[in-house]
Amino acid sequence: MFKYLGNITDLSHYIIENFVVDKNIAVDETLGNGGDCDFLSESFKKVYAFDIQSVAIEEYKKKNKDNVKLICDSHENIEKHITEEIDVAIYNLGFLPGGDKSITTEAESTLKSIKETLKILKNGGFAILSVYIGHNEGLRESEQILKYASSLPKDKYGVMIHKVINRSERAPYLLVIEKK
Ligand SMILES: C[S@@+](CC[C@H](N)C(=O)[O-])C[C@H]1O[C@@H](n2cnc3c(N)ncnc32)[C@H](O)[C@@H]1O
């Protein structure tokens, strides 16, 4: 069992726990089965959670979490739903585990969402993405995300990748964007 290199989701939670100073408002951009949302709702005062699949939203509703606002819409429309500044945004890209694999995050909408999210991200805030490149849409999405993220101005954003390099070339990776 690895302590640090085990799993990129745990690593994303570790970064949020330890480096996000103000734990007021978080956004789960891809609710899915709700693992990230559970984590965020324990630490943050308010969590917005997006998913395009009503099955994911309805399932999470059953948890009755007072501090979670569920939004059944694409995260590319984030500006329609959130008008306040946020401290963190988390993305777990790809398809719903155990669900319909044909419904997956897509390059264009993910990119638009990242751009809109960075506009409302507070200085000192983080956007953290788990990117899965084992499937073809994921690979296309990854290429576009990396192109955009590497062009972000370095006086305003730090951008870092965490990727295991001695496994498959198509192993998932974590992309961390920190706003100064
Ligand atoms: C890998 S799963 C998320 C896993 C989740 N964070 C968890 O902890 O279980 C990806 C989710 O993103 C959702 N999704 C796909 N496209 C989306 C979009 N444009 N906006 C919001 N959610 C989307 C899918 O329906 C799926 O539930």
Side-chain angles (χ1 to χ4, degrees), residues 6-17 20 23 25-44 46-65 67-82 86-121 126-145 148-149 162-164 168 170-177:
N7 151 343
I8 53 172
T9 299
D10 288 348
L11 187 54
S12 71
H13 294 182
Y14 175 82
I15 292 168
I16 291 171
E17 222 163 62
V20 177
K23 295 199 173 53
I25 304 193
V27 182
D28 183 350
E29 307 265 359
T30 52
L31 173 69
N33 291 326
D36 294 311
C37 195
D38 284 344
F39 161 74
L40 294 171
S41 76
E42 277 158 28
S43 313
F44 285 78
K46 185 172 177 186
V47 182
Y48 293 94
F50 287 84
D51 206 293
I52 49 170
Q53 293 196 62
S54 54
V55 62
I57 299 285
E58 290 307 318
E59 202 48 44
Y60 203 85
K61 240 180 219 167
K62 294 179 188 163
K63 294 192 177 183
N64 279 321
K65 299 220 178 197
N67 65 337
V68 178
K69 182 168 176 11
L70 296 165
I71 302 164
C72 193
D73 194 2
S74 172
H75 45 218
E76 75 200 284
N77 298 321
I78 185 168
E79 84 283 1
K80 290 189 188 149
H81 301 280
I82 307 179
I86 64 168
D87 299 290
V88 77
I90 192 165
Y91 292 78
N92 211 316
L93 299 174
F95 45 79
L96 182 64
D100 182 346
K101 289 190 178 171
S102 69
I103 305 173
T104 182
T105 53
E106 292 175 359
E108 287 73 21
S109 46
T110 301
L111 206 58
K112 176 165 188 281
S113 158
I114 296 169
K115 289 178 184 171
E116 294 299 330
T117 293
L118 292 184
K119 287 184 196 165
I120 56 168
L121 187 67
F126 286 73
I128 304 193
L129 296 89
S130 293
V131 186
Y132 297 88
I133 55 176
H135 61 116
N136 288 341
E137 179 54 33
L139 194 59
R140 205 173 76 82
E141 186 177 37
S142 164
E143 283 164 4
Q144 296 209 25
I145 293 169
Y148 172 68
H162 294 62
K163 181 172 165 65
V164 175
S168 157
R170 292 179 78 163
Y173 64 88
L174 194 67
L175 177 72
V176 182
I177 303 175

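Numbering of ligands and ligand atoms starts at 1, following listing order.
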Heavy atoms of other groups near Lys163 NZ, more than 12 under 6.0 Å: yes

Taking the side chain as every heavy atom from C-beta outward, state whether Tyr91 and Ile145 have any pair of such atoms under 4.5 Å apart. no

Does Glu59 reach the side chain of Asn33, with side-chain heavy atoms less than 4.5 Å apart? no

Using atom types as modelled and distance alone, determine if a side-chain donor or acceptor of Ser130 lies under 3.5 Å from a backbone N or O of Leu174. no

Short N or O separations between ligand 1 and the protein, below 3.5 Å:
unit_1   : atom_1 : unit_2 : atom_2 : d
ligand 1 : 6 (N)  : Thr30  : O      : 2.8
ligand 1 : 6 (N)  : Asp36  : OD2    : 2.7
ligand 1 : 8 (O)  : Gly35  : N      : 3.0
ligand 1 : 8 (O)  : Asp36  : N      : 3.1
ligand 1 : 8 (O)  : Asp36  : OD2    : 3.4
ligand 1 : 9 (O)  : Asn33  : N      : 3.0
ligand 1 : 9 (O)  : Gly34  : N      : 3.4
ligand 1 : 19 (N) : Ser74  : OG     : 3.0
ligand 1 : 19 (N) : His75  : NE2    : 3.4
ligand 1 : 20 (N) : His75  : N      : 3.0
ligand 1 : 20 (N) : His75  : ND1    : 3.3
ligand 1 : 25 (O) : Asp51  : OD1    : 2.7
ligand 1 : 25 (O) : Gln53  : NE2    : 2.9
ligand 1 : 27 (O) : Asp51  : OD2    : 2.7

Between Glu106 and Lys112, is there a side-chain N and carboxylate O pair less than 4.0 Å apart? no

State, without any angle test, whether Glu137 and Thr104 hold a side-chain donor-acceptor pair at a distance under 3.5 Å. no

